[in-house]
Structure formats: structure tokens, C-alpha cells
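Step one of this worksheet: look at the structure below.
To find a chain, count down the sequence lines: A is the first, B the second, and so on, and within it residues start at 1. What you are looking at is a predicted structure, and each value in this text was computed from that prediction instead of being measured.
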Amino acid sequence: MHYTPHVDLAFNSVEQIMRDVEGGWLLRYMHANGASMFLIVVYLHLFRGLCHASYNSPREFIWCIGVVILLLIIVTAFIGYVPPWGQMSFWGATVIISLASAIPVVGDTIVTWLWGGFSVDYATLNRFFSLHHLLPFLFVGASLLHLAALHQYGSINPLGYIQRWIKLLLTLIFYVKDLLGWVAFAIFSSIFIFYAPNVLGHPDNYKPANPIPTTPHIVPEWYFLPIHAILPSILDKAGGVAAIAPIFICLLALPFFKSMYVRNSSFRPIHQGIFWLLLADRLLLGWIGCQPVEAPFVTIGQISSFVFFLFFAITPILG
Amino acid sequence: MGNKIVRKISSYLIVSCRSVTFQVPATFAAIQNPTSKITYDEYNHERYPPGDPSKRAFAYFVLTGGRFVYASLIRLLVLKFVLSMSASKDVLALASLEVDLTSIEPGTTVTDKWHGKPVFIRRRTEDDINLANSVDVNSLRDPREDAVRVKDPEWLIVVGVYTHLGCIPFPNAGDFGG
């Protein structure tokens with residue numbers, strides 16, 4: 001409503017929102033920090049599913065839709081970072097879309113097609129702004145499908161055995177239970193929005209985008225770091241790009257390995273062990289993601305990436 | 001209350017049984033046969049003795065306090081979003097305009113922009129003022145004396161839009177040649 005998606009005006013229109021529009025600073029900070037908060041919740045939800053093996057039969061469909069939703073969220077967040085048109089917006093878009101040039105035959109054509117030109121420019125900004133507005137509606141549709149799929153078989157309980165004859169009233173019990181969570185999370189979000197609104201961002205994004213000098217340290221937002229860290233760990237360009245796809249393929253394939261009756265981690269001590277190892281590994285990878293691509297970070301990143309895929313190798317064997 | 005919470009007891013076991021005698025799980029049997037002989041786990045929480053007046057009043061006060069907070073949060077969000085559409089500060093900063101009147105010759109009109117609309121500033125001669133005063137007030141759309149419309153009769157400052165829907169008049173045209 002206040003933003004202008006033109007290369008000459010975008011950055012200034014965001015500053016105008018921050019300074020001149022009534023409550024504009026609140027709108028902007030809620031949106032930017034809201035993205036981070038949203039992704040915190042998404043990751044918690046994902047790891048909860050991994051921990052309790054919610055993906056098991058008969059709930060594979062819910063899990064697969066969830067992975068699709070995760071991909072939609074990642075794309076929306078990535079293209080949403082471009083409209084502010086800061087240095088990091090511009091160069092982040094340049095670098096990440098250039099990854100597609102690693103595709104053997106059609107790579108460069110695809111990159112030019114995505115950019116709408118030979119570099120990130122007016123066309124890219126305009127289409128990213130439009131798509132950033134459109135994709136969340138797809139996300140809403142996918143979430144409804146996610147919920148509908150859940151409704152088919154119902155939630156599992158933490159112990160994990162089938163229990164169809166005792167169901168709790170959703171509106172009464174879970175509304176109150178979730179309300180506590182919402183209030184606590186609102187307080188947590190408010191700390192970021194009101195007291196540390198720029199802590200999760202990168203200061204380079206407050207410089208207007210400039211095609212000539214590259215920013216010294218191109219880093220994606222924190223929620224992309226664990227995925228992003230796997231890229232430079234594999235030293236071959238095409239290999240690094242190709243390593244991203246297996247992450248999502250592994251996630252998608254999880255439900256189809258081995259079905260277990262009792263899901264609780266207490267009864268599966270090895271799984272419990274490697275689950276926490278995976279979580280620690282993701283956090284380490286996240287830290288690696290924001291370091292420059294030098295030794296010893298590269299080596300640590302390589303080991304961490306290997307451990308990540310190890311989780312998906314071990315799980316199907318042990319169940 | 002326990003009956004209200006437990007909504008659905010499926011006949012899963014009854015439908016799927018093949019033999020006449022079958023084992024009912026303990027949980028199922030317990031739900032089907034409610035009894036008042038209940039033992040509670042008092043390891044962490046102390047029970048109030050039976051017949052104790054409940055903490056209902058305290059609990060309701062706490063919940064109501066929470067609802068005041070939620071209402072104020074909703075009010076804040078609604079106001080912030082709705083009022084963000086009102087004029088931003090850079091627009092408000094352009095709301096006042098200063099014009100140098102010394103360079104305007106008598107009998108000429110200067111047009112300036114204020115609030116996005118033209119403002120006609122006319123330095124009137126004696127003839128103009130007498131002409132304005134001689135018009136029959138009741139024949140005008142807005143029947144007011146000229147003296148009421150101006151502070152200093154020499155300077156006529158009007159916002160140059162029609163009162164109907166806001167169009168802008170051509171200069172020196174129309175019924176009055178204004």
C-alpha cells in the first residue's frame with residue numbers, strides 16, 4: 001500500500017514507510033520479524049514431527065504436504081527479501097538464482113528467465129513483489145489441505161500407540177492450551193519487534209542496492225543458513241547445488257521407510273540419540289552458514305553435512 | 001464434566017470382535033464403568049479437602065484480566081493498521097504554504113498549489129472590489145457578502161476548485177469573467 005516496486009524508488013519507499021507513514025515502523029518491523037518468528041515456529045513443528053515420528057503410516061500424506069508447504073515458505077521468504085532493495089537483497093538474489101546456472105544444458109537460460117534480464121533488475125523486482133504477494137495464498141490452500149489430511153486419521157499422542165476411543169474436545173482443551181503458547185510466543189516476538197528489530201537482519205541491507213560493488217559477505221537470512229551451509233561444503237559447484245535437493249527428498253521419503261507401531265522416542269533410544277545429534281548438527285550448520293568459506297569452516301561444514309544425511313540413512317535401518 | 005470431555009467412544013472393539021468372549025482394555029472398561037472411588041496422585045499437588053469452597057472466583061478474575069489484555073492488543077492492532085492509511089508525515093509537512101505577496105501586481109492573479117489543489121491569489125483593484133460588492137448576493141449560489149469572504153478586501157485568496165465535485169475553473173471565462 002505504501003511500497004513502490006521500482007528500482008529507483010523501492011529503497012526510498014521503504015524508508016518512507018519507516019519514517020513518515022503513521023505506524024509504518026511497526027508494520028515493517030512486524031512483517032520482517034514476523035517472517036523470522038514464523039520460521040521459528042515452522043522449524044519447531046518440523047522437528048516435533050521428526051522426534052515423534054508423526055510422519056509414519058497412515059499419516060504420510062500430511063508429512064508430504066508439510067514438505068511442500070516448507071518449500072513454499074522458503075521460496076516466499078527468499079523472494080520477499082528482494083523488495084527492500086538493499087545491498088543484501090540485490091546480491092542475495094543474484095547469487096542464489098545464479099545457482100541455477102549449475103544445471104548442465106539449460107542452466108543459463110533458466111537463470112536469464114528467472115531474472116527477466118541479464119541481472120537482477122526492474123523485471124526481477126517487479127515479479128518478486130507480485131509473487132511474494134501471491135504465494136502466501138497458495139500456502140493457505142496447502143495448509144487447509146494439511147489440516148484436512150490430518151482430520152482423516154486424527155492426531156497421534158506422544159506415546160504413539162493407536163487410541164481411537166478417547167478423543168478430547170478440541171475447542172475447550174486445545175484452545176486454552178494453545179492460548180498459553182500464543183501468549184508466550186507473542187511476548188517473545190514483541191521483544192524482537194520492539195526492542196531488537198534489526199538483530200535478526202543484516203546491516204548491509206540498509207545500503208541501497210548497487211550493481212557495481214559486491215557486498216563483502218553475502219549471507220542469507222538466518223533461517224536459510226542450515227540449508228545454505230551445505231552448499232559450499234561440497235567443493236564442486238554443480239555438486240553443491242545438487243546437494244540441496246536431497247535434503248527435501250530425504251524429508252519426503254521419511255514416511256516410506258519403516259513403519260513402527262510405538263512411536264515414542266523413549267522406546268527407541270538410538271533414534272532419540274541421533275535425533276538430538278541432528279538438531280545439534282543443524283544448529284552447527286547454521287553457524288557455519290554465516291562464516292566465510294575458508295578453513296576450518298569448510299571442513300566443519302563438510303562433516304556437519306555428512307552427519308545430517310547420516311540421520312536419514314540410519315533412521316530407516318533402525319526404525 | 002468428564003462425560004462432556006470424552007466425546008467419542010468408538011465401537012471399534014465391538015465391531016471387530018470375532019469370538020464371543022474378548023478382552024476389554026482396562027482404559028475402556030474404566031470409562032464404561034464410572035465410579036466415585038477415585039484416588040488422586042498427591043505427589044506434587046495438595047488436594048483441597050472435600051467440601052472446600054473452590055478457587056473459581058480467583059480463576060475467573062485471572063481469566064478476565066487476561067481478556068482485558070487481549071482486547072487491548074486487538075484494539076492496538078486494528079488502530080495501527082487502519083490509521084496507517086491516514087496521511088503520512090511527509091504529506092502533512094507540505095500542508096502549510098508560504099507565498100511572497102510583494103511581487104504580485106494589482107489586478108493580476110497568481111496560482112499556487114496547496115493541499116494538491118490550486119489556490120488563486122488575486123490582488124484586487126478598487127474597481128474589482130466595487131464590482132464584487134455590487135452583485136446581488138441572493139443571485140449567487142453561496143449567498144454571502146464579499147466582506148465576509150475576505151479579511152483584507154485588496155487580497156482575494158480562494159481555493160480554485162468548484163464546490164460541487166472539485167473541478168478547477170478556466171481563468172477569465174464563465175458568467176462572471178473571473
Side-chain angles (χ1 to χ4, degrees), chain A residues 1-4 9 12-31 33-34 37 58 151-155 157 159 161-191 193-194 197, chain B residues 1-17 22-34 55-56 59-95 116:
Chain A
M1 211 179 286
H2 304 283
Y3 171 76
T4 309
L9 303 170
N12 287 334
S13 72
V14 172
E15 282 306 304
Q16 195 228 4
I17 293 171
M18 295 291 289
R19 294 158 199 249
D20 290 327
V21 173
E22 297 291 330
W25 55 271
L26 184 62
L27 295 177
R28 199 268 172 112
Y29 281 148
M30 284 204 303
H31 192 82
N33 289 291
M37 297 298 123
H151 195 74
Q152 190 181 18
Y153 289 106
S155 299
N157 54 64
L159 282 180
Y161 62 89
I162 299 173
Q163 194 186 21
R164 273 179 227 151
W165 50 79
I166 297 181
K167 291 187 185 180
L168 295 177
L169 202 65
L170 171 82
T171 42
L172 186 62
I173 305 276
F174 287 102
Y175 163 70
V176 176
K177 184 166 162 297
D178 290 342
L179 187 65
L180 176 68
W182 295 333
V183 169
F185 194 71
I187 295 175
F188 173 71
S189 297
S190 302
I191 295 174
I193 294 174
F194 294 107
Chain B
M1 192 55 192
N3 294 334
K4 271 197 239 160
I5 293 173
V6 177
R7 261 280 197 82
K8 206 167 157 189
I9 300 173
S10 91
S11 52
Y12 156 87
L13 284 169
I14 298 167
V15 166
S16 68
C17 81
F22 54 91
Q23 275 285 48
V24 178
T27 47
F28 192 63
I31 290 165
Q32 291 285 42
N33 306 303
K55 285 191 83 171
R56 184 181 54 196
Y60 284 6
F61 269 106
V62 171
L63 291 170
T64 308
R67 286 162 193 159
F68 272 105
V69 175
Y70 309 143
S72 73
L73 175 69
I74 293 172
R75 171 195 168 272
L76 174 76
L77 284 176
V78 168
L79 281 181
K80 284 292 181 189
F81 276 97
V82 170
L83 291 176
S84 76
M85 285 175 68
S86 58
S88 57
K89 300 199 196 88
D90 53 347
V91 167
L92 292 174
L94 293 171

Less than 4.5 Å apart, any side-chain heavy atom of B:Ser84 and any of A:Met1?
no
- Item | Side chain proximity check, A:Glu22 to B:Met85, heavy atoms < 4.5 angstrom | no
Bottom line for B:Leu76: the part with an atom under 4.5 Å from chain A's heavy atoms is neither
Okay, B:Ala93 and chain A: the region with an atom under 4.5 Å from a heavy atom over there is neither
Output for pair (A:Leu179 CG, B:Leu63 CG), nearest 0.5 Å, gives 9.0 Å
